[in-house]
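Take a look at the structure set out below.
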Amino acid sequence: MELFISQLVNGVGASARLFLVAIGLVIIFGMLDVVNMAHGEFIMLGAYCACICVTKWHIPFGITLLISFLFAGVMGVLLERLLIRKLYGKVAETLLATFALTYVFPEIIRGIFGPENQNMEVPIKGSLSFGKITVPNYNLFLVGMAFLALGVTMLLFYRTKFGMQLRAITQNRQMSQCLGINSGRIDKLTFAYGCGLGGLAGALVAPVASVTPDMGTEYVVDSFLVVILGGLNSVMGSLFGSVVIEESIAAMSTGMSLVTAKLLVFLVLILLIRFRPQGLFAPKDRR
């Protein structure tokens with residue numbers, strides 16, 4: 001029983017990591033209809049940015065998180081202006097173009113930093129003990145950052161003029177443009193924000209993961225599963241989906257191998273998507 005509870009408690013930290021990784025994709029995929037296969041590469045860029053800031057320049061970790069967010073956001077603006085803007089509404093072309101970037105970005109990073117893994121010390125050390133259950137302090141920090149990202153995103157989308165305009169465009173782009181909303185500006189800022197969240201996630205996972213040019217691939221599949229399970233444009237749904245996936249894997253891995261647990265969870269998700277393709281938190285119909 002103690003092992004089972006310990007796995008569930010550790011699953012909370014894994015759920016927070018997955019949510020942080022997936023929330024940027026929810027915004028880009030769900031609200032802009034852009035199938036961004038390169039989302040994992042922005043996570044990788046944020047992780048490398050964090051490693052450089054902390055290990056080379058000795059910048060405090062809190063400031064490093066902001067730098068990684070801004071760096072990935074600026075890269076997102078450049079990508080949106082140079083490529084994505086020409087492909088809105090063209091799903092197949094967008095998928096192929098962003099998929100090509102999953103080869104381009106890692107090779108650029110590999111050419112600059114080499115193929116070696118980059119390592120970064122955990123900035124918040126220590127742990128809390130509850131009987132025989134130990135919780136690393138950094139896991140608690142990740143949970144706090146997940147709720148902070150959720151709160152800021154909800155405030156941005158539902159309590160600001162920008163969020164109101166974004167939701168209007170999501171519902172009816174043509175009518176919003178007729179009413180004077182600059183859809184190009186909203187698209188650019190939304191794409192940049194989603195990419196920035198990817199960079200922030202990369203900086204947060206860098207201390208507990210191997211930072212490599214190909215690390216983005218490890219996260220993009222799980223991120224898409226979260227998006228589809230929770231609902232295409234539901235931020236709260238992505239939180240729920242992250243918890244369901246990671247806690248299910250954690251619970252089942254006590255009695256079987258981790259690979260088998262993941263396989264079973266993915267099979268259940270496939271069946272669920274078969275009967276509820278819109279996700280558990282269905283988005284509003286778009287006109």
Side-chain angles (χ1 to χ4, degrees), residues 11 13-48 72 76 91-92 94-107 109 117 142 146 194-195 197-202 204-206 208-235 237-253 256-274 276-281:
S15 301
R17 287 198 302 271
L18 182 56
F19 172 73
L20 289 165
V21 165
I23 184 174
L25 186 62
V26 171
I27 294 168
I28 294 173
F29 185 24
M31 298 186 175
L32 295 181
D33 282 334
V34 173
V35 186
N36 184 19
M37 298 297 295
H39 182 69
E41 275 49 60
F42 284 94
I43 297 171
M44 178 266 293
L45 291 176
Y48 268 91
V91 177
T94 305
L95 190 151
L96 289 173
T98 54
F99 183 72
L101 294 176
T102 64
Y103 291 92
V104 174
F105 281 1
E107 290 304 319
I109 294 298
N117 292 3
L142 288 177
C195 292
L197 288 175
L200 175 64
L204 288 167
V205 302
V208 293
S210 295
V211 179
T212 67
D214 299 314
M215 67 179 293
T217 306
E218 301 174 12
Y219 298 101
V220 70
V221 174
D222 290 350
S223 298
F224 272 103
L225 286 175
V226 169
V227 173
I228 296 172
L229 176 63
L232 289 182
N233 63 359
S234 175
V235 176
S238 66
L239 175 62
F240 179 80
S242 301
V243 173
V244 168
I245 291 174
E246 289 296 343
E247 289 291 4
S248 299
I249 293 173
M252 289 193 293
S253 63
M256 61 186 72
S257 69
L258 182 61
V259 174
T260 304
K262 284 187 175 183
L263 179 60
L264 289 176
V265 169
F266 289 169
L267 288 175
V268 172
L269 290 177
I270 291 171
L271 290 175
L272 179 62
I273 293 168
R274 167 64 180 82
R276 193 174 175 82
Q278 72 273 31
L280 297 179
F281 289 75

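Since the model is a prediction, treat every value here as computed from it, not as a measurement.
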Rounded at 0.5 Å granularity, tell me how far [atom1] in [X] sits from [atom2] in [Y].
X	Y	atom1	atom2	answer
Leu18	Leu239	CG	CG	10.0 Å
Thr217	Ile43	OG1	CD1	10.0 Å
Ser238	Leu225	OG	CG	13.5 Å
Phe105	Thr98	CZ	OG1	10.5 Å
Asn36	Ile28	CG	CD1	5.0 Å
Phe224	Leu229	CZ	CG	14.5 Å

- So, the side chain of His39 versus the backbone of Val21: is there a donor-acceptor pair under 3.5 Å, distance only? yes

- Verify side chain to side chain contact (heavy atoms under 4.5 Å, CB included) between Ile245 and Asp222, making sure each step is shown before the conclusion. CA-CA 9 Å; Ile245 291 174; Asp222 290 350; 5.9 Å; no

- Item | Partner of Glu41 under side-chain contact (heavy atoms from CB on, under 4.5 Å), chosen from Val104, Thr102, Ile109 | Thr102

Looking only at non-hydrogen atoms, find the nearest pair between [X] and [Y] and report the distance.
X	Y	result
Ala72	Cys195	CB-O, 3.3 Å
Ala22	Val227	O-CG2, 4.4 Å
Ala47	Val211	CB-CG1, 3.9 Å
Leu20	Ile23	O-CG2, 3.5 Å
Phe19	Ala146	CE2-O, 3.3 Å
Pro213	Tyr48	CD-OH, 3.0 Å

Can you sort out the partners of [X] under side chain to side chain contact (heavy atoms under 4.5 Å, CB included), two or more places apart, ordered by chain and number?
X	value
Ile228	Ile273
Tyr103	Phe99
Leu95	Val35, Met37
Ser248	Val244, Val265

- Check whether any side-chain heavy atom of Phe240 sits under 4.5 Å from a side-chain heavy atom of Val243, and report yes or no. no

- salt bridge (charged side-chain N to carboxylate O under 4.0 Å, His left out) pairs touching residues 210-220, sequence neighbours excluded, are Arg110-Asp214

Anything under 3.5 Å between a donor and an acceptor, one on a side chain of residues 256-263, the other on a protein residue two or more places apart or in another chain? List them.
unit_1, atom_1, unit_2, atom_2, d
Ser257, OG, Thr260, N, 3.2
Ser257, OG, Thr260, OG1, 2.8

